[in-house]
Amino acid sequence: MLDLKFVRSNLDLVAYMLKDRGYDLDLSRFQSLDEKRRSIQASLEELRYQRNRVSDQIAAIKKTGQDTSSLISDMKTVSKEIKGMETELPEIVDQLNRLLMLIPNIPHESVVVGKNADDNPVVRRWGRIKEFDFSPCPHWEIGERLNILDFSRAAKIARSRFSLQSGLGAKMERALINFMLDIHTNQHGYTEILPPFLVNSVSMTGTGQLPKFREDLFKVDGWDLFLIPTAEVPVTNIHRDETLSFDELPIGYVSYTPCFRSEAGSYGKDTRGLIRQHQFNKVELVKFCCPEDSDQELESLTADAEEILKKLELPYRVVSLCTGDLGFSAAKTYDIEVWLPGQRLFREISSCSNFTDFQARRTNIRFRRKKGRGTELVHTLNGSGLAVGRTLVAVLENYQQPDGSVVIPEALRPYLDGLSIIGKGG
RNA sequence: GGAGAGAUGGCCGAGUUGGCUGAAGGCGCUCGCCUGCUAAGUGAGUGUAGGGCGAAAGUUCUACCGAGGGUUCGAAUCCCUCUCUCUCCGCCA
């Protein structure tokens, strides 16, 4: 959510900036709602002032034993007026908020103007793309042949877009999770969080999944609870409605959770393999910092995520999302894309974003500087560190051998009892 | 699931026969004074959000005593609903 005051005083600028990301702001509707709100609030407060004063008088007069009935009857009508406005005002505020809630964040000044993913500039590349002297297979073939991935049984148990991993397939997933958590906690200084996997609608609204993206969520019937689409939701909401102290910033959390997404509207896309699932595992990095540090924090958070790929020796590139490809809440986003030889393409494995104060305003997460009196909104950032299923995919495809076996990256071996290769039979 | 108790400022804790209580008192914190150091002492200050006036310091108004409704001229105080916490019983990984 953008700052109402900022939007009000920079209407044209806001509209102009949002045009770059394909958003058309309804200026006149915004203005008329805002003016209406202000005028109602002003007269409401005026009436309340009147009521408070006269009520004090009534109390004083009553003490002397004099008659107050005419004052009371006057106030009865004032009170009615107040009640009317008190029902009217929230309706206006609500409409205004709904409008405001649907306005995406303003892109960071360094973000390139563009229409879609084709316009995303590549920021850097890392690692050498391995040449295979055989034609590399997609991971689903590798996994099924090794008997560690089973998609048909997963569909039987649940439905399509679910997966079942067995034997070393399951163990490697667990190894990757532990590997990532260990690096982020021990080497990058993040605090590990194991949050609820179901959250309420207030939390979902805070991080921006609601009200706009309800169709993407799984809801628990009969409860105000949703399955989380990412750990970002519970972890960012840890500090909802809190005022942090300057000294504790920046705060960095790392959290492993399963993630649940309905993937509505992605029919026919990535139907094979582990790439797009209703349920997948992810290790998420979340940061809270003061405004002047968030640019730098995005760089270091992205580097922290990249470090996992470096240690696993998986080639990747980093792209900076252009204005047209930017997510709703983000001011700036780096996507890390890992190379998948089985499909001969770079595939997103992490998305690292600076939300500036956009989420903090919705979630009301503030901090207090040492000397200053008031409070300010923190900046929030997050990024995958990494998507575990897709990391498994990348390992299978990049480390596959001509005979169908898969070499285990060295960094991962301590987590797999020293095993160096997965051969036939799992 | 059954029975009961509770929810007030950074914390503890008053206030529940409705009316200068944004909220006593204490602790903590900030600034000042004092004292060879420390400790103690002492004076003042110490919530958030929104609006008006002001260049600013500031000043003023409104709202907020778990959340939402109701009664009333007036609600932290009375009524209803919900949420959460605690105790006991039952059940359970």
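In the text below, chain A, chain B and the rest are named by the order of the sequence lines, each starting its count at 1.
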>> For a quick check, with a 4.0 angstrom heavy-atom cut-off, what is the B/S/- contact string for nucleotides 66-86 of chain B, read 5' to 3'?
In response: -----S-BS------------
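- Nucleotide B:G51 holds its P atom 18 Å from the CE atom of A:M85, rounded to whole Å.
- In this structure, CG of A:D241 is placed 13 Å from P of B:G10, rounded to the nearest angstrom.
- When rounded to the nearest whole Å, the span between CD of A:E45 and P of B:A49 equals 16 Å.
- Comparing the same atom, C1', in B:G4 and in B:G13 gives a spacing of 23 Å after rounding to whole Å.
- Other residues, nucleotides and ligands place no more than 12 heavy atoms under 6.0 Å from the CD atom of A:E410.
- Of all nucleotides present, only B:G70 satisfies the Watson-Crick or G-U wobble test against B:C78, with each distance under 3.5 Å.
- For the OP1/OP2 pair of B:G51 and a distance below 4.0 Å, the side-chain nitrogens and oxygens of A:S39 include no atom meeting the criterion.
- Look at B:A44: its Watson-Crick or wobble partner, with both distances under 3.5 angstrom, is B:U30.
- Other residues, nucleotides and ligands contribute over 12 non-hydrogen atoms within 6.0 Å of the NZ atom of A:K310.
- Using Watson-Crick or G-U wobble geometry with both donor-acceptor distances under 3.5 Å, B:A5 finds its partner in B:U85.
- Atom P of B:C12 sits at a distance of 12 Å from the matching atom of B:A7, rounded to the whole Å.
- Comparing B:G28 with B:U83, their P atoms sit 39 Å apart, to the nearest whole Å.
- In this structure B:A57 sits in no base pair that meets the Watson-Crick or G-U test at under 3.5 Å.
- Residue A:R48 contributes atom CZ, which lies 14 Å from atom P of B:G51 at whole-angstrom precision.
- With P as the reference atom, B:G22 and B:U62 are 11 Å apart, rounded to whole Å.
- On the P atoms, B:G18 is 16 Å away from B:U72, given to the nearest whole Å.
- Under the Watson-Crick and G-U wobble criteria, each requiring two contacts below 3.5 Å, nucleotide B:A49 is paired to B:U62.
- Evaluation of the side-chain hydrogen bond (donor to acceptor under 3.5 Å, both in side chains) test over residues 381-395 of chain A, restricted to residues two or more places apart or in two chains, returns A:E232-A:N382.
- Within residues 2-12 of chain A, the residues approaching RNA chain B are A:K5, A:R8, by heavy-atom distance under 4.0 Å.
- The pairing partner recorded for B:U21 is none, the criterion being a Watson-Crick or G-U wobble arrangement whose two distances lie under 3.5 angstrom.
- With rounding to whole Å, A:E86 atom CD is found 13 Å from B:U62 atom P.
- B:A39 is unpaired under the criterion used here, namely a Watson-Crick or G-U wobble arrangement in which both key atom distances are under 3.5 Å.
- Judged as a side-chain contact (heavy atoms from CB on, under 4.5 Å), and not counting sequence neighbours, the contacts of A:L309 are A:L314, A:Y316, A:I336, A:V338, A:I349, A:L386.
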>> Evaluate A:F151 against A:L274 for side chain to side chain contact (heavy atoms under 4.5 Å, CB included), listing each step before the verdict.
In response: CA-CA 9 Å; A:F151 293 100; A:L274 280 176; 4.0 Å; yes
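- OP1 or OP2 of B:U48 has at least one side-chain nitrogen or oxygen of A:R368 nearer than 4.0 Å.
- The number of heavy-atom neighbours closer than 6.0 Å to NZ of A:K212, taken from other residues, nucleotides and ligands shown, is above 12.
- Pairing for B:U16 is absent, with no Watson-Crick or G-U wobble pair whose two atom distances lie under 3.5 Å.
- Among pairs with a residue in residues 86-110 of chain A, those fulfilling side-chain hydrogen bond (donor to acceptor under 3.5 Å, both in side chains) read A:R48-A:E86, A:D94-A:R98, A:N105-A:T356, A:H108-A:S110, A:H108-A:D295, A:S110-A:K332, at least two apart in sequence or across chains.
- Among residues two or more places apart in sequence or in another chain, the side-chain contact (heavy atoms from CB on, under 4.5 Å) test is passed with A:D270 by A:I275, A:R276, A:R347.
- The CD-P distance, from A:E376 to B:U48, rounds to 13 Å in whole Å.
- If you run side-chain hydrogen bond (donor to acceptor under 3.5 Å, both in side chains) between A:Y253 and each of A:E284, A:H239, A:K287, only A:H239 comes through.
- B:G19 atom P lies 12 Å from atom CG of A:D56, rounded to whole Å.
- Here the separation of B:C11 from B:C65, taken at their C1' atoms, is 16 Å to the nearest Å.
- Regarding A:I92, its CD1 atom lies at a distance of 17 Å from the C1' atom of B:G51, rounded to whole Å.
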>> side chain to side chain contact (heavy atoms under 4.5 Å, CB included), that's the test. Do A:R366 and A:E242 meet it? Break it down for me.
In response: CA-CA 6 Å; A:R366 306 175 157 271; A:E242 290 183 11; over 6 Å; no
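- Annotation: A:F358 is not in aromatic contact with A:H379 [ring centroid separation under 6.0 Å not met].
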